[in-house]
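A short write-up of the structure that comes next.
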Amino acid sequence: MALSASSKLCKDVKKTYMELPQGDKVQAMYIWIDGTGEGVRCKTRTLDSEPKSVEDLPEWNFDGSSTYQSEGSNSDMFLIPVAMFRDPFRKDPNKLVLCEVLKYNRKIAETNLRKTCKQIMDMVTDEHPWFGMEQEYTLLGVDGHPFGWPSNGFPGPQGPYYCGVGADKAYGRDVVEAHYRACLYAGVKIAGTNAEVMPAQWEYQVGPCEGIDMGDHLWISRFILHRVCEDFGIIVSFDPKPITGNWNGAGCHTNYSTKKMREDGGLKYIEDAIDCLSKRHCYHIRIYDPKGGSDNARRLTGHHETSDIHSFSAGVANRSASIRIPRQVGQDQKGYLEDRRPSANCDPYAVTEALIRTTILKETGDEPVDYKN
C-alpha cells in the first residue's frame with residue numbers, strides 16, 4: 001500500500017512541539033471551498049485572544065490565482081468567516097473557521113454557493129427544514145489504488161463488507177474512528193458511521209441540521225476527514241464511481257423534512273413534496289453533482305442500489321428509487337423523505353437549496369428563480 005512521505009515522519013518529534021504552551025495566542029485555521037467546487041483549502045493566522053463568536057473573527061484574503069478562482073493579474077480574494085468550530089488537531093483554544101469567498105470587488109465567487117443557500121433558507125425559517133446527509137467516501141493509497149485491495153487484483157465480491165467486522169472485511173477502520181472522534185470534538189453534528197458495500201468504502205451521517213447549518217457541518221466534516229487521512233498517509237475520495245464494474249458507487253443521500261412533515265398527518269406533505277420533485281427531476285440532477293450531472297451519470301445506472309438518472313421514481317423502503325420513504329415513516333404516517341440522487345461530491349449548499357426551492361417555494365422549470373429581495 002502506497003503511503004505518503006509525510007506520514008512516515010516521526011510523529012513523536014512533532015508531539016514535542018505541539019505540547020509547547022502557546023500563551024494567550026490562538027491559531028485560527030481559515031477553510032474555504034476552492035474553484036473546483038469540490039476541494040477545500042486552508043491557512044492559519046494568529047489571533048490575540050480566543051474568539052467567542054464568528055463576529056470576533058477578522059476577514060482575511062488569499063491568492064485566488066493558485067486556487068482556480070482568479071487570474072494572477074488581479075488575484076486577491078476575500079475570506080469572510082461564517083462558522084466556527086473547535087480545532088481537533090491543535091485542540092482548544094484553537095479554531096477551525098469556515099469561510100465564504102468573495103472576489104476582489106466583493107462579489108460572490110462562482111463556487112461560493114453558500115450565499116444564495118443562506119438567502120433561500122432565511123425565506124423559509126417558519127418551515128424549520130431539517131436535513132441529514134449520508135456522506136459516502138472511498139479510502140485510497142496515494143497511488144490511487146483502493147486501500148487494502150490487492151495490488152494486482154480485486155478483493156472478493158461485494159456481500160460481506162457492508163457493516164462488516166474483521167480484518168478481511170473492514171478496510172481502514174482506524175481512519176473512521178479517528179474522524180468520528182475529531183468531528184465530535186469539533187462540534188460537528190455527526191450522527192453515526194458504518195462500513196459500506198464496497199471494501200474500503202465507508203459512510204458517515206451528519207444531522208439533523210436546520211437550514212444553512214447542514215452545508216456548514218458537512219463541509220467541515222469533509223475537511224476534517226481530509227486532514228485525518230493526511231495524518232494516516234492515505235487519500236479520501238468523494239468520487240461517485242471510483243471503481244468501474246460491479247462495485248457500488250458513492251452517494252450523499254439527503255434526508256429532508258419540514259415541521260409539517262414531522263407532525264401527525266405529515267405523510268400528506270411528504271407526498272406533496274415528492275410530487276413537486278417528480279416534475280423537476282432534470283433540474284435536480286444538474287444540481288446534484290458539481291459537473292452538472294455527468295459525474296452522477298457514472299453512478300445512477302439503475303444498478304447497485306441506484307435509480308436510473310433519466311427517470312424519476314419513488315417508493316417505500318425502495319433503495320433503487322430516486323426518493324425513498326423509510327418504512328417507519330410509512331407506518332407512522334409522518335417523518336421525512338430520503339433523496340438518494342445526490343452524488344458523494346455534491347455541494348450540500350446546492351442540494352439543500354434545491355430541495356427548498358422545489359418543495360416549499362414551489363418553483364418549476366429548469367432554472368432557479370432570482371429573488372431580488
Side-chain angles (χ1 to χ4, degrees), residues 127-137 162-163 189-194 196-197 201-211 213-215 217-218 221 238 240 248-263 266-281 283-285 287-289 296 299-309 311-360:
E127 298 285 345
H128 297 285
W130 288 5
F131 303 94
M133 300 186 80
E134 306 170 20
Q135 178 67 72
E136 294 179 336
Y137 62 92
Y162 173 69
C163 297
K189 292 183 179 179
I190 187 169
T193 190
N194 58 269
E196 265 302 334
V197 177
Q201 184 188 70
W202 294 80
E203 175 190 296
Y204 64 91
Q205 304 88 36
V206 175
C209 296
E210 186 164 334
D213 285 349
M214 184 67 255
H217 282 248
L218 193 70
S221 75
F238 296 112
N248 273 35
C252 194
H253 303 155
T254 301
N255 302 282
Y256 163 61
S257 69
T258 62
K259 186 173 183 291
K260 291 177 181 177
M261 295 179 191
R262 298 187 292 270
E263 293 175 342
L267 185 59
K268 173 187 180 299
Y269 297 100
I270 294 172
E271 291 173 341
D272 288 347
I274 293 173
D275 183 59
C276 292
L277 291 167
S278 72
K279 298 170 183 175
R280 215 182 188 200
H281 179 63
Y283 167 76
H284 283 264
I285 288 297
I287 296 297
Y288 281 2
D289 80 51
N296 241 345
R299 167 181 161 259
L300 296 180
T301 60
H303 304 288
H304 304 109
E305 300 181 44
T306 69
S307 59
D308 185 275
I309 194 170
S311 58
F312 181 89
S313 57
V316 175
N318 185 354
R319 283 181 162 77
S320 295
S322 307
I323 305 293
R324 181 178 75 97
I325 299 177
R327 188 168 300 283
Q328 190 66 46
V329 172
Q331 292 174 358
D332 294 344
Q333 299 287 293
K334 63 180 180 181
Y336 63 96
L337 62 85
E338 178 193 38
D339 193 334
R340 298 178 61 81
R341 295 171 293 176
S343 65
N345 61 344
C346 70
D347 190 317
Y349 298 128
V351 172
T352 55
E353 177 187 328
L355 284 168
I356 297 299
R357 285 179 178 274
T358 301
T359 65
I360 298 181

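With 3.5 Å as the limit, one finds a donor-acceptor pair spanning the side chains of E203 and Q205. Under 3.5 Å, the side chains of Y288 and D339 contain a donor-acceptor pair of N or O atoms.
A distance of 9.0 Å separates CD of Q333 from CD1 of I270, quoted to the nearest 0.5 Å. Once rounded to the nearest 0.5 Å, the distance linking CD1 of I360 with CG of D272 reads 12.5 Å. Between the CD atom in E263 and the OG1 atom in T258 there is a gap of 8.5 Å [rounded to 0.5 Å]. One finds the CD1 atom of I285 at 10.0 Å from the CZ atom of F312 (value rounded to the nearest 0.5 Å). Here the OG1 atom belonging to T301 is positioned 7.5 Å from the CG atom belonging to D308, to the nearest 0.5 angstrom.
Judged purely by atom type and a 3.5 angstrom limit, R340 uses its side chain to pair as donor or acceptor with the backbone of R319. Counting only distance, with no hydrogens or angles, the side chain of T358 and the backbone of L355 share no donor-acceptor pair below 3.5 Å. In this structure, the side chain of S343 does not engage the main chain of N296 through any donor-acceptor pair within 3.5 Å. A donor-acceptor contact shorter than 3.5 Å links the side chain of H217 to the backbone of K189. In this structure, Q201 contributes its side chain and G249 its backbone to a donor-acceptor pair below 3.5 Å. Remark: the backbone N or O of A314 is not paired with any side-chain donor or acceptor of S322 at under 3.5 angstrom. A donor-acceptor pair under 3.5 Å is formed between the side chain of Q135 and the backbone N or O of A344. S311 places no side-chain N or O within donor-acceptor distance of the main-chain N or O of I309, the cut-off being under 3.5 Å.
Residues that satisfy the side-chain contact (heavy atoms from CB on, under 4.5 Å) test with D332, not counting sequence neighbours, are Q328, K334. For F238, the ring-ring contact (aromatic ring centres under 6.0 Å, His included) test picks out H226, with sequence neighbours left out.
In this structure, P240 and D289 have side chains that are not in contact, with every pair of non-hydrogen atoms separated by 4.5 Å or more. Looking only at side-chain heavy atoms (C-beta outward), E127 and K259 stay at 4.5 Å or farther from each other. Counting only heavy atoms from C-beta outward, the side chains of L218 and Y349 never approach each other to under 4.5 Å. A heavy-atom distance below 4.5 Å is not found between the side chains of K268 and M261. A heavy-atom distance below 4.5 Å is not found between the side chains of D347 and I287. The shortest side-chain heavy-atom distance between Y336 and R262 does not fall under the 4.5 Å cut-off.
The aromatic rings of Y137 and Y204 are tilted relative to each other, their planes meeting at an angle between 30° and 60°.
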- Any chance you could lay out the side-chain hydrogen bond (donor to acceptor under 3.5 Å, both in side chains) test for H281 and R341, step after step, and finish with the verdict? CA-CA 10 Å; H281 179 63; R341 295 171 293 176; 2.8 Å; yes
- Task: Report the C-alpha distance between F131 and V351 in whole Å, list the side-chain angles of each, state the deciding distance to 0.1 Å, and finish with yes or no for side-chain contact (heavy atoms from CB on, under 4.5 Å).
- Result: CA-CA 10 Å; F131 303 94; V351 172; over 6 Å; no
- Trace of the side-chain contact (heavy atoms from CB on, under 4.5 Å) decision for E134 with E338: CA-CA 10 Å; E134 306 170 20; E338 178 193 38; 3.2 Å; yes
- Message: Determine whether N248 and E136 satisfy the following criterion, side-chain hydrogen bond (donor to acceptor under 3.5 Å, both in side chains), listing intermediate values before the conclusion.
- Response: CA-CA 11 Å; N248 273 35; E136 294 179 336; over 6 Å; no
- Task: Verify side-chain contact (heavy atoms from CB on, under 4.5 Å) between I323 and S278, making sure each step is shown before the conclusion.
- Result: CA-CA 9 Å; I323 305 293; S278 72; over 6 Å; no
- Run the side-chain hydrogen bond (donor to acceptor under 3.5 Å, both in side chains) check on E210 and W130 step by step: do they pass? CA-CA 5 Å; E210 186 164 334; W130 288 5; 3.2 Å; yes
- Task: Walk me through it: do R357 and R280 pass the test side-chain contact (heavy atoms from CB on, under 4.5 Å)?
- Result: CA-CA 11 Å; R357 285 179 178 274; R280 215 182 188 200; 4.0 Å; yes
- Message: Run the side-chain hydrogen bond (donor to acceptor under 3.5 Å, both in side chains) test on Y256 and T359 for me, step by step, so that the C-alpha distance in whole Å, both residues' side-chain angles and the decisive distance to 0.1 Å come before the verdict.
- Response: CA-CA 10 Å; Y256 163 61; T359 65; 2.7 Å; yes
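For the pair C346 and P342, the tightest heavy-atom approach, listed with the atom from each and the gap, is SG-CB, 4.2 Å. Between S307 and A321, the shortest heavy-atom contact is CB-C, 3.7 Å. Residues C209 and V206 come closest through the heavy atom pair SG-CG1, 4.2 Å. When every heavy atom of A191 is checked against every heavy atom of G207, the shortest pair comes out as CB-O, 3.4 Å. Smallest separation of non-hydrogen atoms from A317 and R327: CB-NH2, 3.4 Å.
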